[in-house]
Amino acid sequence: MRKACLNTVYELAKDNDKVVFIGSDLGAGTLNEFKQEMPERFFMEGISEQHVIGMSAGIAMEGFIPYVNTIATFLTRRCLEQVIVDLCLHNLSVRLIGNGGGLVYAPLGPTHVAIEDIALMRAIPNMTILVPTDADEMQRLVKQTIDWQGPVYIRVAKGYDPIISNDGVECKIGKAIMMKPLGNVLIIATGVMVHRSLSAAKILESNGLSCGVMNIHTIKPLDEKAILQAASQVDAIVTVEEHTKMGGLGSAVIECLMDNMDNPPKVKRLSLPDQFTDDYGSQDSLLDSFALQPDTIASTIQEWWS
Amino acid sequence: MISENSVTLDQRSLDLRKSAISAIEGGGRGHPGATLSLIEIMRVLYDDVLKFDAEQPDWPQRDRCILSKGHGCLALYTLLADKGFFEKSQLQQFCKTGALLGGHPESKVPGVEASTGALGHGLAIGVGMALATKIKQLNSHIFVVMGDGEINEGAVWESALSAGHHQLDNLVAIIDYNKLQSYGTTKEILDLEPLIPKWQSFGFETCEVDGHNVDALKQCFASLDFNCKKPKAIICHTIKGKGLSFAENNPAWHHKSGMKTEQIQAMYEELS
């Protein structure tokens with residue numbers, strides 16, 4: 001997914017001389033072609049995230065569109081004030097590409113595990129948040145960022161996740177995608193939890209509970225219209241996310257329902273607990289332990305429903 | 001060490017101070033110490049150094065001036081009003097409901113390049129502008145005015161490393177070195193010395209100047225070499241609260257609110 005994202009940035013840069021790439025201290029060879037072909041718009045600034053964000057703001061103030069890339073926790077924690085003041089207060093068109101969103105860096109421990117990145121970014125006025133579900137969707141969304149006004153945070157998953165998005169379905173920033181038609185329960189998921197939710201929905205269907213699945217690739221601005229329309233037709237909603245319960249997709253959905261419906265359907269949020277990770281292993285093993293794999297998502301929903 | 005004590009303020013410097021005080025009077029608050037420390041630096045920049053068009057604040061060929069120590073905004077506002085970026089009457093509305101001018105600069109104000117106030121942000125933005133104007137092959141210079149307390153912030157030094165690394169000879173860092181931060185002296189809180197060698201070691205050309213001596217400031221800016229492949233750092237030795245005997249070097253005058261008429265009157269009288 002990261003490769004798809006950066007390749008798309010490279011393609012955008014070839015077509016648009018306003019595109020600038022800024023990395024902190026990325027892996028050797030990252031975007032080598034970009035560096036060779038457009039050296040004046042390629043910067044590897046070193047391990048200095050606060051500076052990188054301010055610098056990207058200065059470049060954007062001059063009319064360029066910087067794409068900034070580093071590890072998600074460093075991009076959202078270390079330089080939060082710069083993101084708020086330099087980017088969002090000025091509403092600048094800077095794109096933040098956060099590697100390893102969620103539990104991707106499980107073996108590296110809690111300094112690298114991004115469990116609250118969406119909450120941090122969501123709280124800031126003017127910020128757009130993209131959480132693509134697979135590499136193809138990443139490409140479709142990143143292409144659109146060239147014309148999107150204001151700062152954007154792009155959460156990048158591990159990569160090599162199953163391709164479940166469909167080129168034939170309209171994919172637009174800010175527009176939810178129905179992946180599976182509505183049933184008794186609506187599962188609203190984001191990022192790599194969409195394909196897990198689809199698998200969970202299959203299990204549930206085989207047990208007699210029909211579930212629709214909605215893909216929220218844009219957490220902010222939230223597609224409230226699509227959520228409210230679907231919510232009015234179901235008995236219950238389950239949100240599924242690879243993020244702490246505070247301030248992520250589940251929170252956004254609940255806020256949307258409570259703000260707009262007199263009698264909203266009941267809601268269950270499946271998410272990471274409000275705690276730092278205290279184990280290593282892999283993204284999958286941690287998702288196992290937090291009951292966020294298809295079988296456990298299905299059993300949790302089944303139990304809750306019954 | 002350059003002495004900053006010998007300067008007698010001329011009429012323009014006195015008038016600019018009165019203008020800044022009119023804003024403090026209007027808003028009943030402000031940062032007098034930082035403002036009065038900065039007046040000559042901002043005066044020389046806007047009178048003699050910067051290319052700008054007040055009718056067209058976004059003129060692409062302009063020089064960019066970022067007041068990174070945003071709490072000194074009244075010095076900036078005073079000069080922007082003086083140059084016609086907005087009406088001088090706006091100064092008296094300082095910090096009031098519906099006012100154009102608030103307690104820290106915001107980019108919605110004509111002539112303000114970047115919103116500042118949280119310290120340590122301006123140099124990074126300046127580096128970005130310096131790089132961008134080079135990409136665009138503009139002959140613009142980028143000036144970033146920082147406070148001495150402000151450069152406690154580690155982010156400033158990240159940006160200083162970058163500026164030296166990129167050989168940004170179109171970038172000028174200006175340090176308002178009044179040696180007094182909010183709690184006390186810079187020496188007792190977080191000593192910056194040796195300051196000149198610090199900037200030099202980050203790849204900057206440096207010069208030291210009495211930050212209240214208008215002629216010396218002009219000379220310093222005129223001597224800058226914008227083709228030397230090095231960013232510049234100008235260390236301006238200043239006095240916090242310069243021009244008001246009771247405010248000079250007095251930490252109590254870092255910020256004032258709820259100011260009484262007699263305090264305002266005393267400020268005007270000292271400048272008459």
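A, B, ... follow the sequence lines: proteins, then strands. Residue 1 opens every chain.
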Worksheet item: For B:Ser107, is it the side chain, the backbone, both, or neither that has a heavy atom closer than 4.5 Å to a heavy atom of chain A?
Response: side chain
Practice prompt. Answer with side chain, backbone, both or neither: which region of A:Glu45 has an atom nearer than 4.5 Å to a non-hydrogen atom of chain B?
Written response: side chain
Practice prompt. Looking only at non-hydrogen atoms, find the nearest pair between B:Arg64 and A:Glu62 and report the distance.
Written response: NH2-OE1, 2.6 Å
Worksheet item: Just wondering, more than 12 heavy atoms not from A:Phe276 lying within 6.0 Å of its CZ?
Response: no
Worksheet item: So how far is it from A:Met55 CE to B:Glu158 CD, rounded to the nearest 0.5 Å?
Response: 12.0 Å
Practice prompt. Answer yes or no: are there more than 12 heavy-atom neighbours, outside A:Lys3 itself, under 6.0 Å from its atom NZ?
Written response: no
Discussion item. Before you tell me yes or no, could you show the steps for B:Ser115 and A:His90 under side chain to side chain contact (heavy atoms under 4.5 Å, CB included), namely the whole-Å CA-CA distance, both residues' side-chain angles and the distance that decides it to 0.1 Å?
Written reply: CA-CA 7 Å; B:Ser115 300; A:His90 293 88; 3.4 Å; yes
Practice prompt. Check the surroundings of atom CD1 in A:Ile47: do more than 12 heavy atoms from other residues, nucleotides or ligands lie under 6.0 Å from it?
Written response: no
Fill in: Option that, when pairs with chain A are counted at under 4.5 Å, heavy atom only, ranks first among B:Lys108, B:Glu153, B:Lys134, B:His166
B:His166
Item to complete: Would you indicate whether A:Arg122, at its atom CZ, is surrounded by more than 12 heavy atoms from other residues, nucleotides or ligands within a distance under 6.0 Å?
Response: yes
Discussion item. Taking atom CD as the centre, does A:Glu40 end up with more than 12 heavy-atom neighbours from other residues, nucleotides or ligands that are less than 6.0 angstrom away?
Written reply: yes
Discussion item. Surrounding NZ of A:Lys225 (heavy atoms of other residues, nucleotides or ligands, distance under 6.0 Å), is the total greater than 12?
Written reply: no
Worksheet item: Rounded to the nearest 0.5 Å, what separation is found between the CD1 atom of A:Ile59 and the OG1 atom of B:Thr133?
Response: 10.0 Å
Worksheet item: Would you find more than 12 non-hydrogen atoms of other residues, nucleotides or ligands less than 6.0 Å from A:Lys172 atom NZ?
Response: no
Discussion item. Return the OG1 to CG distance between B:Thr116 and A:Asp86, rounded to the nearest 0.5 Å.
Written reply: 10.0 Å
Worksheet item: Where is the tightest heavy-atom contact between A:His51 and B:Val127, given as atom of each residue plus distance?
Response: CE1-CG1, 3.8 Å
Fill in: Over 12 non-hydrogen atoms of neighbours within 6.0 angstrom of CD in A:Gln275
yes
Discussion item. So which residue, B:Pro60, B:Ala132, B:Ala155, ends up with the most heavy-atom pairs under 4.5 Å with chain A?
Written reply: B:Ala132
Worksheet item: CE/B:Met129 to CE/A:Met61 distance, rounded to the nearest 0.5 angstrom?
Response: 5.0 Å
